[in-house]
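These notes are about the structure you will find just below.
To find a chain, count down the sequence lines: A is the first, B the second, and so on, and within it residues start at 1.
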Amino acid sequence: MTQTYISDISKHLGEEITIKGWLYNKRSSGKLGFLEVRDGSGIIQGVVSKKEVSEETWANTEKVTQESSIILTGVPREHPKKPGVYELDIKTLEIVTLTEDYPITPKEHGVEFLMDHRHLWLRSKRQHAILRVRHTIIKAVRDFFDDNGFTLCDTPVFTPAACEGTTTLFEVGYFDEKAYLTQSGQLYNEATAAAFGKVYCFGPTFRAEKSKTRRHLTEFWMVEPEVAYAKLDDVMTLAENFISSVVGRVLETRQEELKHLERDTSKLEKAMPPFPRLQYDDAVKMLQQAHAEGKVENRFEWGGDFGAPDETYLSSQYDKPVMVHRYPSAIKAFYMEPDPARPDLALCVDVLAPEGYGEIIGGGERMSSHELLLQRIHEHQLPPEAFDWYLDLRKYGSVPHGGFGMGIERCVAWVCGLEHVRETIPFPRMLYRLKP
RNA sequence: UCCUCAGUAGCUCAAUGGCAGAGCACUCGGCUGUUAACCGAGGGGUUGUAGGUUCGAGUCCUACCUGAGGAGCCA
């Protein structure tokens with residue numbers, strides 16, 4: 001028995017086909033049954049008429065329940081009232097397994113209940129739309145780098161020490177010693193960039209921060225490109241080309257999903273280069289003026305890092321992602337290259353997504369001087385022996401280089417217009433949430 | 001770690017300190033074009049836990065537990 005996928009239904013109009021899937025929802029009108037069937041590729045409404053089918057098929061139609069697995073045969077055709085929409089005239093309905101008491105009903109549910117049933121929640125239309133956009137974003141990310149001369153050089157998940165020494169790490173046993181789950185592949189990227197020129201890594205990242213907000217996961221996926229000989233301006237140009245390429249791909253191929261999510265795509269269409277480049281100093285002035293005008297609650301002082309409300313205000317001033325660059329070195333990672341014109345500033349950049357989605361990219365130019373890097377390691381009270389290989393990169397053919405990291409889930413949340421990143425990954429890992 | 005809010009039927013939510021309710025889901029019946037279908041009937045409860053105030057607590061007070069949102073930190 002061959003199987004036809006619902007996504008291919010338009011190629012089989014008028015033919016008898018077999019659909020293998022699950023019952024999404026059922027409605028009936030006496031001797032006429034309406035079965036919404038999903039098979040992973042899509043959803044189609046099947047129509048069963050009592051007088052057209054066998055007693056067995058009609059009995060199955062009456063007793064089949066939501067999310068029962070079913071195999072049906074029938075003939076697809078256009079919906080009588082909706083042009084471009086297809087229906088299936090069902091001839092036979094076989095129940096593979098009858099489901100009893102499916103927990104997720106067609107009505108509303110709360111977050112806790114849905115999260116506890118994430119393994120089933122994934123079957124819903126909304127989750128389907130989001131995860132298909134996620135798939136497309138990841139594909140577009142890989143295509144962008146693959147098509148631009150980058151080599152994929154994935155970095156380890158087990159690491160011997162903190163990459164940046166600031167954020168909390170997950171500690172795991174590693175035979176007789178301790179290891180930590182990676183919080184960034186960047187340091188390793190710098191080694192592979194010196195070997196391959198343009199590289200990227202893409203994998204899971206772990207942060208043991210006790211953050212409990214709509215923007216945080218403890219396990220998330222990050223893509224990190226790194227380019228030898230790149231200066232800060234090159235990094236920013238790469239970032240804006242990269243983001244616009246990814247967003248453009250979603251707009252090209254996922255209109256249906258974005259429509260289901262009720263995303264205002266006109267806002268995404270504006271995410272085309274060039275992105276505004278805002279120096280930290282000027283961003284501070286904007287925030288201070290906004291405070292004076294009563295638009296921001298707290299007065300921002302030069303030297304601090306932006307909080308979520310600050311980022312939201314700054315991004316609200318633009319209709320496309322904004323790139324904030326040259327933060328004070330004191331609040332950035334130890335490996336950031338200082339600005340020769342202003343040594344107290346780091347040649348770094350954060351890309352803030354529009355509509356309050358916050359920082360989706362962080363990156364910049366890395367320090368190329370062995371002497372200065374060693375000094376910074378000492379200043380940050382990091383163990384130099386843990387960074388011997390990293391320092392080697394400055395001993396053997398050091399060059400200016402830079403790159404950035406983008407959190408996939410925040411990007412998906414922004415593109416889909418979601419309230420929370422928990423829906424952007426099949427099984428989110430969050431503070432106090434390890435199951436399912 | 002801190003701040004705020006919320007826990008009542010399988011789910012989503014009502015109930016002035018005074019009889020524990022509705023919709024969905026489920027079971028039964030009705031309907032040949034339904035779109036979270038609809039109409040009628042039925043079963044379904046230790047109101048998060050422990051204590052306190054009161055003639056009387058789902059409701060007020062205290063502690064704890066669980067969850068949500070936010071802060072800090074970050075992508």
Side-chain angles (χ1 to χ4, degrees), chain A residues 24-36 43-52 58 61-63 65-67 79-82 85 87 89 99-117 120-121 124-126 163-164 166-169 182-186 204-224 239 297-298 304-312 331-333 350-353 357-363 404-414 419-422 424-425 430-433:
Chain A
Y24 193 76
N25 197 7
K26 180 169 84 169
R27 293 175 286 274
S28 75
S29 183
K31 305 293 177 282
L32 199 56
F34 298 94
L35 308 180
E36 271 193 282
I43 292 180
I44 191 170
Q45 173 167 277
V47 185
V48 190
S49 173
K50 184 181 181 182
K51 66 181 184 188
E52 305 280 340
W58 182 250
T61 301
E62 289 195 307
K63 79 175 182 191
T65 53
Q66 187 191 358
E67 285 304 324
H79 192 288
K81 294 176 185 171
K82 296 178 180 175
V85 175
E87 276 190 334
D89 278 326
T99 287
E100 287 180 45
D101 297 326
Y102 187 70
I104 302 179
T105 65
K107 285 280 181 174
E108 287 173 11
H109 298 280
V111 170
E112 183 184 4
F113 178 81
L114 289 171
M115 288 303 296
D116 285 342
H117 296 85
L120 302 176
W121 189 19
S124 75
K125 287 180 187 172
R126 175 180 165 85
C163 288
E164 303 181 15
T166 53
T167 47
T168 316
L169 299 171
T182 180
Q183 63 174 353
S184 167
Q186 185 221 310
T205 301
F206 307 88
R207 302 275 168 93
E209 286 292 329
K210 293 203 169 178
S211 299
K212 190 169 163 53
T213 80
R214 67 184 68 189
R215 299 179 305 280
H216 288 89
L217 299 170
T218 54
E219 174 183 315
F220 63 98
W221 286 66
M222 186 155 69
V223 59
E224 296 172 274
E297 196 172 336
N298 296 315
D305 205 354
F306 302 128
D310 304 314
E311 285 184 356
T312 300
I331 56 168
K332 285 292 173 180
D350 283 356
V351 180
L352 307 181
Y357 281 94
E359 185 184 344
I360 53 171
I361 278 181
F404 60 81
M406 183 184 80
I408 291 292
E409 287 76 15
R410 284 191 184 174
C411 181
V412 176
W414 165 50
E419 280 295 305
H420 199 298
V421 292
R422 65 181 157 229
T424 64
I425 185 168
M430 299 182 292
L431 188 60
Y432 310 132
R433 169 73 64 182

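- We find that CE of A:Met430 is positioned 6 Å from P of B:A68, with the value rounded to whole Å.
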Scoring nucleotides 32-43 of chain B by protein non-hydrogen atoms under 4.0 Å (B base, S sugar-phosphate only, - none) yields BBBBBB------

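- B:A50 and B:C13 have their P atoms separated by 25 Å, given to the nearest Å.
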Review item, nucleotides 1-6 of chain B N/O atoms under 3.5 Å of protein N/O:
{"unit_1": "B:U1", "atom_1": "O4", "unit_2": "A:Lys210", "atom_2": "O", "d": "3.1"}

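- A:Ser28 pairs by the side chain to side chain contact (heavy atoms under 4.5 Å, CB included) definition with nothing, not counting sequence neighbours.
- Note on A:Glu36 versus A:Arg27: salt bridge recorded, some NZ/NE/NH1/NH2 to OD/OE distance being below 4.0 Å.
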Evaluate side-chain contact (heavy atoms from CB on, under 4.5 Å) for A:Trp58 paired with A:Val48, printing each intermediate quantity in order.
CA-CA 8 Å; A:Trp58 182 250; A:Val48 190; 3.9 Å; yes

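- Nearest-nucleotide mapping onto RNA chain B: of A:Val111 and A:Gly362, the residue sitting toward the 5' end is A:Val111.
- Look at CD on A:Glu112: it is 14 Å from C1' on B:G69, rounded to the nearest Å.
- Applying the ring pair (Phe, Tyr, Trp, His ring centres under 6.0 Å) test to A:Trp221 and every residue at least two apart in sequence or in another chain returns A:Phe202.
- Closest to the side chain of A:Arg433, out of B:A75, B:A71, B:G67, is B:G67.
- The distance between atom CZ of A:Phe206 and atom P of B:A75, rounded to the nearest whole Å, is 16 Å.
- Contacts of A:Phe206 classified as ring pair (Phe, Tyr, Trp, His ring centres under 6.0 Å), with partners at least two apart in sequence or in another chain: none.
- If you take atom P in B:U49 and the same atom in B:G40, they sit 35 Å apart, rounded to whole Å.
- Looking at residues two or more places apart in sequence or on another chain, you find no side chain to side chain donor-acceptor pair (under 3.5 Å) involving A:Thr99.
- Residue A:Asp305 is in sugar-phosphate contact alone, with no base atom involved, counting any heavy-atom pair closer than 4.0 Å across all strands shown.
- In this structure the side chain of A:Asp116 reaches within 4.5 angstrom of the side chain of A:Arg433, judged on heavy atoms.
- A:Gln66 places a side-chain N or O within donor-acceptor distance of the main-chain N or O of A:Ile104, the cut-off being under 3.5 Å.
- For A:Phe113, counting side-chain heavy atoms from C-beta on, the closest listed nucleotide (B:U12, B:A68, B:A71) is B:U12.
- In this entry the distance linking CZ of A:Arg422 with C1' of B:G67 reads 11 Å, nearest Å.
- Between B:A6 and B:C74, the two P atoms lie 32 Å apart (nearest whole Å).
- For the C1' atom pair drawn from B:A14 and B:C24, the interatomic distance equals 15 Å after rounding to whole Å.
- The nearest whole Å value for the distance from the CZ atom in A:Arg215 to the P atom in B:G72 is 8 Å.
- Distance check on atom C1': B:C64 versus B:G43 gives 36 Å, rounded to whole Å.
- When the C1' atom is compared between B:U46 and B:A41, the two are found 29 Å apart, to the nearest whole Å.
- Applying the side chain to side chain donor-acceptor pair (under 3.5 Å) rule to A:Lys26 yields no partners; only residues at least two apart in sequence or on another chain are considered.
- If you take CZ of A:Arg410 and P of B:A75, they are 8 Å apart, rounded to a whole angstrom.
- Residues that satisfy the ring pair (Phe, Tyr, Trp, His ring centres under 6.0 Å) test with A:Phe113, not counting sequence neighbours, are A:His109, A:His117.
- Rounded to whole Å, the C1' atom of B:G69 lies 36 Å from the corresponding atom of B:G56.
- A:Glu224 pairs by the side chain to side chain donor-acceptor pair (under 3.5 Å) definition with A:Ser184, not counting sequence neighbours.
- Considering only residues two or more places apart in sequence or on other chains, A:Lys31 meets the side chain to side chain contact (heavy atoms under 4.5 Å, CB included) condition with A:Lys50.
- In this structure, A:Gly307 reaches the sugar-phosphate backbone alone: every heavy-atom distance under 4.0 Å involves primed, P, OP1 or OP2 atoms, never a base.
- Proximity of a side-chain donor or acceptor of A:Arg410 to a complementary backbone N or O of A:Arg215 within less than 3.5 Å is detected.
- A:Ile408 comes within 4.0 angstrom of no nucleic acid atom, judged by non-hydrogen atoms across all strands.
- In RNA chain B, consecutive stretches of 3 or more Watson-Crick or G-U wobble pairs with both distances under 3.5 Å are given as paired ranges: B:1-7 with B:65-71, B:10-13 with B:21-24, B:26-30 with B:38-42, B:48-52 with B:60-64.
- The nearest whole Å value for the distance from the CH2 atom in A:Trp221 to the P atom in B:A75 is 18 Å.
- Considering only residues two or more places apart in sequence or on other chains, A:Asp89 meets the side chain to side chain donor-acceptor pair (under 3.5 Å) condition with A:Arg77.
- Donor-acceptor pairing under 3.5 Å, judged by distance alone, is present between the side chain of A:His216 and the base of B:C74.
- Both A:Ala308 and A:Leu217 sit near RNA chain B, but only A:Ala308 has its closest nucleotide nearer the 5' end.
- Between B:A57 and B:G18, the two C1' atoms lie 10 Å apart (nearest whole Å).
- If you check every strand for non-hydrogen atoms under 4.0 Å, A:Met406 touches nothing.
- B:C11 atom P lies 12 Å from atom CG of A:Asp101, rounded to whole Å.
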